[in-house]
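Written out below as structure tokens is the structure these notes cover.
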Amino acid sequence: MNKKALVLAVVAGLTATPFAYGQSNNLEKLGKFQVTGEAEFTTVDQNSSSADAIRKTLEKITLPEGFEISLYALVPDARHIAVGPQGVVTFVGTRKTEVWAVTDRDKDRVADEVKNFAPSIDKAVPNGPCFSPQGVLYIAEQNRILAYPAAEFFYESGDVVAFELIPEGELIPEEFVSYNHTARVCDIGPDGKLYVSLGQPYNVAPPEHLDTFSKVGIGGIIRINQDGTGREVYTRGVRNSVGQDFHPTTGNLWWTDNQVDGMGDDIPPGELNRQTEMGQHFGHPWYGGGNVRTTEYQGEEVPVEVVFPVVETVAHAADLGMTFYTGNMFPERYQGGIFIAQHGSWNRTEPVGARVMFTPVDAEGNVTGETVPFAEGWLSENGEYLGRPVDVAQLKDGSLLVSDDLAGAVYRIAYTGSGS
């Protein structure tokens with residue numbers, strides 16, 4: 001089967017109803033397998049002086065015995081990571097206008113090429129890429145979701161077949177589009193549906209918007225069918241989640257949440273949440289994090305049944321991307337546990353975070369120990385950020401990728417020791 005026939009088969013399987021096309025002439029052409037004539041790549045030099053400087057920083061990173069960290073790729077503004085199901089290419093989103101395609105052609109676990117993906121399509125905050133098991137790449141933007149069938153086959157071409165799953169302006173109402181909390185993440189659940197986080201644009205959501213937010217899913221997580229139909233609000237009471245994954249055996253959705261600012265250095269805590277059924281409410285805006293009440297809603301009766309976090313993390317450390325470890329490279333004690341990227345505080349008197357954390361979780365979905373640092377050293381003793389981890393993802397060989405939007409890099413953590 002040739003590439004075009006393969007993509008047509010994938011699209012036919014995904015679309016019980018046609019994808020809606022937006023106003024973009026380029027998108028309409030790409031959906032019909034036509035060229036745009038506007039595809040010019042930007043390629044990132046992997047041998048620049050920046051690479052040497054970053055490798056020097058990595059010498060300061062501490063890890064458990066037997067692990068090592070190395071520079072995988074220079075990726076400007078690197079945010080969330082989607083590793084292709086075929087292991088051909090890794091896609092890295094940004095909070096700007098590019099998604100980067102990262103390729104390790106010789107499989108030496110160092111990227112040979114980094115270039116922008118689908119350059120003929122204008123993008124706005126394409127932070128959240130994720131793959132379906134069938135190889136469809138979804139990218140959650142600020143106010144749109146695009147689907148790229150067979151992205152691993154077409155990424156080397158400037159023109160890539162693409163469809164609007166949720167058209168521009170329909171993910172959230174335009175009046176709530178903000179510079180704040182617009183980095184979306186997505187994931188395909190065990191039910192085959194696409195789950196997308198929608199951070200609310202305020203520090204604390206005001207009461208006059210709560211009904212609208214609840215209906216649309218702002219300050220929550222929505223789910224839709226892979227053809228864009230069947231939108232529903234799955235999760236409520238979220239302030240701003242920028243990391244999610246499904247437990248590998250229970251299928252429950254777990255996610256991180258960034259909590260309310262301006263309440264002091266040490267409260268409220270960050271959150272790692274476990275959701276066991278649709279419609280559960282996780283407390284915002286009545287709670288700022290954990291069981292700490294927000295000033296704005298202090299003393300009010302809480303009108304919903306609240307599910308509190310399974311893990312409270314260090315206040316303002318900014319827990320972002322997370323993943324359950326399902327590989328076979330790391331020792332047994334890491335199997336099934338959660339790795340979380342802490343981006344680091346932005347307004348705390350003494351900065352915290354800028355590290356990768358580990359939470360042990362068993363096969364039944366129970367947290368079995370404390371959340372502890374796994375990789376740290378990007379925050380210097382004098383409070384200077386040398387890097388700011390954003391996301392964690394697993395390569396086919398079981399090693400871990402970590403993105404860093406400050407350094408503009410993706411790192412690889414591998415286990416080279418022995419024993420457990």
Would you give the length of the straight line joining atom [atom1] of [X] to atom [atom2] of [Y], rounded to the nearest 0.5 angstrom?
| X | Y | atom1 | atom2 | result |
| --- | --- | --- | --- | --- |
| Leu386 | Ile61 | CG | CD1 | 7.5 Å |
| Thr294 | Gln259 | OG1 | CD | 10.5 Å |
| Tyr411 | Ile69 | OH | CD1 | 7.0 Å |
| Ser403 | Asp77 | OG | CG | 11.0 Å |
| Asn347 | His316 | CG | NE2 | 6.5 Å |
| Leu253 | Met278 | CG | CE | 12.5 Å |

Quick check: are there more than 12 heavy atoms from other residues, nucleotides or ligands sitting under 6.0 Å from [atom1] of [X]?
| X | atom1 | result |
| --- | --- | --- |
| Glu175 | CD | yes |
| Glu350 | CD | no |
| Lys56 | NZ | no |
| Asp362 | CG | yes |
| Lys193 | NZ | yes |

Please name the pair of heavy atoms, one in [X] and one in [Y], separated by the smallest distance, quoted to 0.1 Å.
| X | Y | value |
| --- | --- | --- |
| Ala183 | Ser197 | O-OG, 4.5 Å |
| Glu271 | Asn273 | OE1-ND2, 3.0 Å |
| Phe330 | Ser399 | CE1-CA, 4.3 Å |

Side chain proximity check, [X] to [Y], heavy atoms < 4.5 angstrom:
| X | Y | answer |
| --- | --- | --- |
| Leu63 | Phe374 | yes |
| Phe117 | Phe41 | no |
| Ile340 | Leu272 | yes |
| Arg79 | Leu320 | yes |
| Ile145 | Leu194 | yes |

For this session: Find out whether the Lys NZ or Arg CZ of Arg293 is both under 6.0 angstrom from the six-membered ring centre of Tyr287 and within 45° of the ring's axis.
Result: yes

Exercise. When the ring centroid of Tyr202 is compared with that of His181, is the distance short of 6.0 Å?
Worked result: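 Between His181 and Tyr202, which both carry aromatic rings, the centre distance is not below 6.0 Å.
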
For this session: For this output row, return yes or no: ring centroids of Tyr334 and Tyr325 closer than 6.0 angstrom.
Result: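 Centroid distance Tyr334-Tyr325: not below 6.0 Å, so no.
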
Exercise. Is it true that Asp397 and Lys107 make a salt bridge, defined as a side-chain N closer than 4.0 Å to a carboxylate O?
Worked result: no

Exercise. Between Asp405 and His343, is a side-chain hydrogen bond (donor to acceptor under 3.5 Å, both in side chains) present by the stated rule, with each step listed?
Worked result: CA-CA 9 Å; Asp405 63 353; His343 198 224; 2.9 Å; yes

Problem set entry | Verdict with supporting geometry, Phe91 and Phe131, ring pair (Phe, Tyr, Trp, His ring centres under 6.0 Å) | CA-CA 10 Å; Phe91 294 90; Phe131 268 103; 5.8 Å; yes

Exercise. Relative to each other, are the rings of Phe358 and Phe339 parallel, tilted or perpendicular (30° and 60° limits)?
Worked result: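 Taking Phe339 first and then Phe358, their aromatic rings sit tilted (interplane angle of 30° to 60°).
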
Exercise. Which of these passes side-chain hydrogen bond (donor to acceptor under 3.5 Å, both in side chains) with Thr313: Asp319, Thr256, Asp257?
Worked result: Asp319

For this session: Can you spot which of Asp191, Val233, Thr235 makes a side chain to side chain contact (heavy atoms under 4.5 Å, CB included) with Arg223?
Result: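 Passing option: Asp191.
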
Problem set entry | Within residues 153-185 or reaching into it, pairs that qualify as disulfide bond (SG atoms under 2.5 Å apart) - sequence neighbours excluded | none

For this session: Would you list the pairs meeting disulfide bond (SG atoms under 2.5 Å apart) in which at least one residue belongs to residues 93-190, sequence neighbours left out?
Result: Cys130-Cys186

